[in-house]
Amino acid sequence: MHDIRAVRADPAGFDAALARRGLDPVSAAVLAHDESRRAAQTALQEKQARRNAIAKEIGIAKRQGGDTAALEAEAVALRDEMVRLEATASAAERAQVAMLEVLPNTLDPEVPEGRDESANIVLHQHGDNPAFAFTPKQHFELGEALGLMDFATAAKIAGSRFTVLKGALARLERALGHWMLALHTEQHGYTEASVPLLVNDAVAYGTDKLPKFAEDLFRTTDGRWLIPTAEVPLTGFAMEEIIPEAELPLRLTALTPCFRSEAGSAGRDTRGMLRQHQFAKVELVSITTPDQSAAEHERMTRCAERVLTELGLVWRRVFLCAGDTGFGAARTYDLEVWLPGQGAWREISSCSNTRDFQARRMNGRFKPKEGKGNQFLHTLNGSGVAVGRALIAVMETFQQEDGSVLVPEVLRPWMGGLERIAR
RNA sequence: GGAGAGGUGCCGGAGCGGUCGAACGGGUCGGUCUCGAAAACCGAAGUACGGGCAACUGUACCGUGGGUUCGAAUCCCACCCUCUCCGCCA
């Protein structure tokens, strides 16, 4: 959510920021609502002040047995005007909020210009694309041949975009998630959390999933939402809080299933388990101060990169351009992993600094060590990393000509010492 | 699911429909005292949105949303949440 005062202070700058996202200017319309809201509010407050004075006079007069009829008549007349002004003010405010809440975050000045992913910038790459002496297979070919990845059963019991993993592949998924959690909690200073997978409107709104992206979420019969990422509950820890600066940063991690309707992606990535309605992900969330958030963003991204490096995967860091940066983010790095079977780079992590965008929506603040007044927090989120896609990457990267898959060293202790997944 | 109790400021906890943004206690911050500290004493301190160059000032906020009233923390209704007991249950 944007600060209306920022719009007032620099309407042209506000519109210019929207233009970077390819959006039309709105400051004039927003400010029109803002002005009518403030005019009505000022008038309303004058009436209220008079009303309060009258009520006080009546109280005094009643105690002294005086006549209050004239005062009461004036108060009743005032009440009608106040009702009208109140309606005007709240309608203007609702209109203003409705315009602001669907606007994406302001981009960091360093974010590259560009309309789509073709303008993203590869910042660096780790490892070289592996050379195979045979034609590498895609993960679903490997998984089905191993008899450990079953899309038919998943479709039967749930539908499309679900996967059943069995045996060593099911265990590999579990090993990946648990190993990642251990890495972040034991070496990166994150606190593990076990969180609700169903959330309310308020936190979904605060993390900018509502109102604009409701169709991407699954809704429960009692009006809650299945989390599309643990970012939602973890960031929600800060909702309506005033955190002492000394307690910051909060670094939180969780391994959860994530649920996405994939409403807008019909026909895309239909084979295999690349794009699912349900997938496991280890999420990293940092809640910090404005002056620390840029450094925290770099740190968080390195934590995610470490996961890929230790697994032995080939990856690269991509700086998303203006047109590809998500709604809530001011700045985003995607981590892409090389999938030899598919012969393509695919996103496996996305690390974003939302600055105070989410904090404003959820009213999450901190109390500065020095100085007065509470300020909005900065919130960051990143995948550390997507477990389902990590499974795919491991399978495709470490596949052997016979269709077996070597288990990365770091995972073997989590796989009961298993070194190779074979038929 | 049934029955009951309750939600007030950082915390605890008062609060006959009018002078309540809210007693009192604790904690916090500043000061006095002290070599320093403790104790004691004095004082300060909520959040948001308006108006004003500013000093300052107005309004709203006692779980949330409605209602009654000239006037609501206080009365009425709905909802949310917490606690206790019973039932069911991983």
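So that the names make sense, note that chain A is the first sequence line, chain B the second, and so on, each numbered from 1.
A donor and an acceptor atom never sit less than 3.5 Å apart when one is taken from the side chain of A:Gln41 and the other from the base of B:rG50.
Comparing the same atom, P, in B:rG15 and in B:rC75 gives a spacing of 12 Å after rounding to whole Å. Taking atom P on both B:rU8 and B:rA14, the two are 11 Å apart, rounded to the nearest angstrom. Going from the P atom of B:rG9 to that of B:rC62 covers 10 Å, rounded to whole Å. When the P atom is used for both B:rG43 and B:rA48, the distance is 28 Å, rounded to whole Å. The P atoms of B:rU74 and B:rC88 are separated by 40 Å, rounded to the nearest whole Å. Spacing of C1' atoms, B:rA60 relative to B:rA22, comes out at 15 Å, to the nearest Å. Rounded to whole Å, the P atom of B:rU68 lies 16 Å from the corresponding atom of B:rA73. The gap from the P atom of B:rG30 to that of B:rA38 amounts to 11 Å, rounded to the nearest Å.
For A:Phe357 and A:His378, the gap between ring centers reaches or exceeds 6.0 Å.
The nucleotide B:rU64 finds its pairing partner in B:rA78, both defining distances of the Watson-Crick or G-U wobble pair being shorter than 3.5 Å. Using the Watson-Crick or G-U wobble rule with both distances under 3.5 Å, B:rG50 pairs with B:rU57. Searching all strands for a Watson-Crick or G-U wobble partner of B:rC20 with both distances below 3.5 Å returns nothing. Nucleotide B:rU69 has no partner under the Watson-Crick or G-U criteria, as no pair reaches both atom distances under 3.5 Å. Look at B:rA44: its Watson-Crick or wobble partner, with both distances under 3.5 angstrom, is B:rU28. In this structure, B:rC85 and B:rG2 make a Watson-Crick or G-U wobble pair, each of the two defining distances being under 3.5 angstrom.
Whole-Å rounding puts the A:Lys367 NZ to B:rA48 P distance at 9 Å. Distance CD (A:Glu46) to P (B:rU59): 11 Å, rounded to an integer number of Å. A straight line from CE of A:Met239 to P of B:rC81 spans 13 Å, rounded to a whole angstrom. For the pair A:Glu72 CD and B:rG18 C1', the computed distance is 13 Å after rounding to whole Å. Here B:rC79 presents its P atom at 18 Å from CG of A:Asn200, a figure rounded to the nearest Å. For the pair A:Asp201 CG and B:rC81 P, the interatomic distance rounds to 13 Å; values are reported in whole Å. To the nearest angstrom, P of B:rC81 lies 10 Å from CG of A:Asp222. Rounded to an integer number of Å, the gap from CG of A:Leu78 to P of B:rC70 is 13 Å.
When distances run from any side-chain atom of A:Arg5 to the nucleotides B:rC49, B:rG58, B:rU47, the shortest one goes to B:rC49. Here the side chain of A:Arg365 is nearest to one of B:rC70, B:rA48, B:rC49, namely B:rA48.
The shortest distance between the side-chain N/O atoms of A:Arg51 and the OP1/OP2 oxygens of B:rC70 is not below 4.0 Å. Regarding contacts with the backbone of B:rU59, a side-chain N or O of A:Asn52 is found under 4.0 angstrom from either OP1 or OP2. Phosphate contact (OP1/OP2 of B:rG50, side-chain N/O of A:Arg37, threshold under 4.0 Å): present.
Ion pair A:Arg219/A:Asp201 flagged as a salt bridge, since at least one NZ, NE, NH1 or NH2 atom sits closer than 4.0 Å to an Asp/Glu carboxylate oxygen. Between A:Arg268 and A:Glu262 there is no salt bridge, since no side-chain nitrogen of the basic residue lies less than 4.0 Å from a carboxylate oxygen of the acidic one.
Here the options are A:Arg299, A:Arg302, A:Arg251, A:Arg306, the test is side-chain hydrogen bond (donor to acceptor under 3.5 Å, both in side chains), and the partner is A:His188; only A:Arg306 passes. Considering A:Arg346, A:Arg161, A:Gln276, A:Gln342 as possible partners of A:Asp269, the one that fulfils the side-chain hydrogen bond (donor to acceptor under 3.5 Å, both in side chains) test is A:Arg346.
Side chains of A:Gln358 and A:Glu231: a donor on one and an acceptor on the other come within 3.5 Å. A donor-acceptor pair shorter than 3.5 Å can be found between the side chains of A:Glu296 and A:Ser286.
Nucleic acid contact for A:Arg8: sugar-phosphate only, since backbone atoms but no base atoms lie under 4.0 Å from a heavy atom of the residue. Counting non-hydrogen atoms under 4.0 angstrom, A:Leu71 reaches nothing in the nucleic acid.
Heavy-atom distances to RNA chain B give each of A:Arg79 and A:Ala55 a nearest nucleotide, and the one nearer the 5′ end belongs to A:Ala55. Across the interface with RNA chain B, nearest-nucleotide mapping of A:Lys56 and A:Leu44 shows A:Lys56 to be the residue nearer the 5′ end.
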